[in-house]
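The sequence lines fix the lettering, A, B, ..., with proteins before strands; numbering per chain opens at 1. Just so you know, these numbers come straight off a predicted model, no measurement behind them.
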2 protein chains.
Amino acid sequence: MTRNSSREEWADQIAALDSAPARKEPITVGRIVGTALELVRAEGFDALTMRRVAAALGTGPASLYAHVRNKADLDDLLIGTLSRNITLPEPDAREWRAQVVDVCGQLRDQFLRHPGIARAALNAPPANLDTLRITEGLLALFVAGGVAVRTAAWTIDALLLYVSAYTVESSLRGSVDRDEMLARLGMLPVNRFPLVVEHASELNSGEGHERFEFALRLMLDGLG
Amino acid sequence: MTRNSSREEWADQIAALDSAPARKEPITVGRIVGTALELVRAEGFDALTMRRVAAALGTGPASLYAHVRNKADLDDLLIGTLSRNITLPEPDAREWRAQVVDVCGQLRDQFLRHPGIARAALNAPPANLDTLRITEGLLALFVAGGVAVRTAAWTIDALLLYVSAYTVESSLRGSVDRDEMLARLGMLPVNRFPLVVEHASELNSGEGHERFEFALRLMLDGLG
DNA sequence: TTCGTGAGTAGAACAGTGTTCGTGTCCGAC
DNA sequence: GTCGGACACGAACACTGTTCTACTCACGAA
């Protein structure tokens, strides 16, 4: 050990006075998922890169691959943790439909709180344990409502697909300029788009999540 | 001009005997979209790269940006051309539902023929002229069926979202190992997933596009 | 106490990606 | 015939996910 190297060590130790407490806590899957989720919440799904997560943890991207197989694997973990936040109600045969709508609403809100993450939900494998928990819970609601299992399974499939698609779309149009949209529709040639032009305002109607709940009711009211 | 350079020119001219006819035809938006679509059809949406498209056209990626604003712009053009392939039926009040199902089926097939392109459809701006043509056509069918315009508009929105989500999902699971899936479901703890385990086969049922048509009927049968 | 040993960490690099800059080149209109 | 402007494109930039390869360092065995 030369004098120089001991000097460097000395400097490192001094620098470690600040960074040590951050460096010391080991990298775990939990910390990775946590910072990733926070990153998505703050800057959207496109900002979620291995480098950004690693940097937020004070390290390089290579360190993450000891705990996570892939970026795709990380995505699955994210939607898993999101799914774990969903509370499944005790089935009540008299208002099972409202309970289903509530669960879907929870999912929607979880997804919208983390803009763009629904894209990961569409790509996630259907065998994920946490999403299966939701499927189980929804299935129980349908069974309580007296719906045949096969019908219930297919309806649940459609519902979850719709929730994902809805959240994907509505999280990338951040508060659409409805006026702008109406103006554009107004510019269309009436002979080619008679209905669209005439009912432009109806096409763009729907406050908050009206369209969302409408679609859910559409699928549920035909059952039982 | 040295002798050498004229030699090079000579060599270039000889080489041009083959590449000239390919080089001569100018790059147009149509040729870009065509080769891009063919690329997606052959190798999937992930293989759609500016570089790949440019290479297939015998040039570099920079050349594309004279005709296309973005990759996102190219994606929009692609789903535009796909939408233009949809044939809209003349509304028949007696079987308007079947007509709607048919149009959605055309869309589904177009998307599945180009695996993964549905992801672009979800991100496409709703003001696209070609998709508005489809909206107009569907709206006409609903109006012929006596459905209120606002209800029709919202239902169409839900339908198109579902079609996109369905095709996204079913184009990335290339012929799922249903046996594998059933085996995994069988390994689940019965106390936590009683319904899923018991009805595993029902959960994975559905041949061809049965689930697809079921979901469409689900949304349509509640109307009118 | 000393010595591995193996898991966890991380720097550097690779093959890709979308996109832009500046230079070139060639065709058509004056 | 000459000029101008649209088009084409090589090179480069800032990114991305991922892997290779060293390297540290705490823990248990001899």
Side-chain angles (χ1 to χ4, degrees), chain A residues 1 5-6 8-13 15-16 19-33 35-36 39-40 43-78 116-117 119-120 123, chain B residues 1 5-6 8-9 12-13 15-16 19-33 35-36 39-40 43-78 116-117 119-120 123:
Chain A
M1 303 291 176
S5 79
S6 59
E8 286 176 356
E9 284 174 5
W10 180 238
D12 282 352
Q13 288 174 18
S19 60
R23 285 282 175 89
K24 193 170 190 179
E25 15 188 336
I27 301 178
T28 65
V29 182
R31 292 212 321 137
I32 292 177
V33 169
T35 58
L39 188 56
V40 174
E43 303 189 34
F45 187 67
D46 288 327
L48 178 65
T49 61
M50 302 301 261
R51 280 175 167 80
R52 290 291 304 269
V53 174
L57 259 53
T59 176
S63 303
L64 305 181
Y65 286 84
H67 309 271
V68 164
R69 229 192 323 268
N70 260 348
K71 167 107 198 311
D73 190 26
L74 175 57
D75 292 347
D76 291 355
L77 289 174
L78 292 191
I117 209 175
R119 248 173 299 160
N123 292 23
Chain B
M1 301 291 179
S5 79
S6 59
E8 286 174 357
E9 284 175 5
D12 282 352
Q13 289 175 17
S19 60
R23 285 284 176 87
K24 193 170 191 179
E25 16 189 336
I27 299 180
T28 66
V29 182
R31 292 214 318 141
I32 291 178
V33 169
T35 59
L39 187 56
V40 173
E43 304 189 35
F45 187 66
D46 288 328
L48 178 64
T49 303
M50 301 300 263
R51 279 175 166 79
R52 291 290 306 268
V53 174
L57 259 53
T59 177
S63 303
L64 305 181
Y65 288 83
H67 308 271
V68 164
R69 230 192 323 268
N70 260 347
K71 168 107 196 313
D73 190 26
L74 175 57
D75 292 347
D76 292 354
L77 289 174
L78 292 192
I117 209 175
R119 245 174 302 161
N123 293 23

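- Ion pairing between Arg69(B) and Asp76(B) fails under the 4.0 Å rule for side-chain N and carboxylate O.
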Quick one, give me the B/S/- string for nucleotides 15-22 of chain C, reading 5' to 3', where B means a protein heavy atom under 4.0 Å from the base and S means that only happens at the primed atoms, P, OP1 or OP2.
--BBBBB-
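- Side chain of Thr49(B) to main chain of Arg52(B): no donor-acceptor pair is present (N/O by atom type, distance under 3.5 Å, no hydrogens or angles).
- Side-chain atoms of Lys71(A) and Leu48(A), non-hydrogen and from C-beta on, do get closer than 4.5 Å to each other.
- Residues Ser63(A) and Ile27(A) approach most closely at CB-CD1, 4.0 Å, considering heavy atoms.
- Atom CG of Asp75(A) and atom P of dT16(D) are 14 Å apart (whole Å).
- You'll find the side chain of Leu64(A) stays beyond 4.5 Å of the side chain of Leu74(A), heavy atoms only.
- Residues Asp75(B) and Asn123(B) fail the side-chain proximity criterion, which asks for heavy atoms closer than 4.5 Å.
- Contact annotation: Ser63(B) does not reach the phosphate of dA8(D) (side-chain N/O to OP1 or OP2, under 4.0 Å).
- Between Leu64(A) atom CG and dG8(C) atom P there is a gap of 14 Å when expressed in whole angstrom units.
- Here His67(B) reaches the OP1 or OP2 of dA8(D): one of its side-chain N or O atoms lies under 4.0 Å away.
- The side chain of Thr59(B) contributes an N or O atom lying less than 4.0 Å from OP1 or OP2 of dC9(D).
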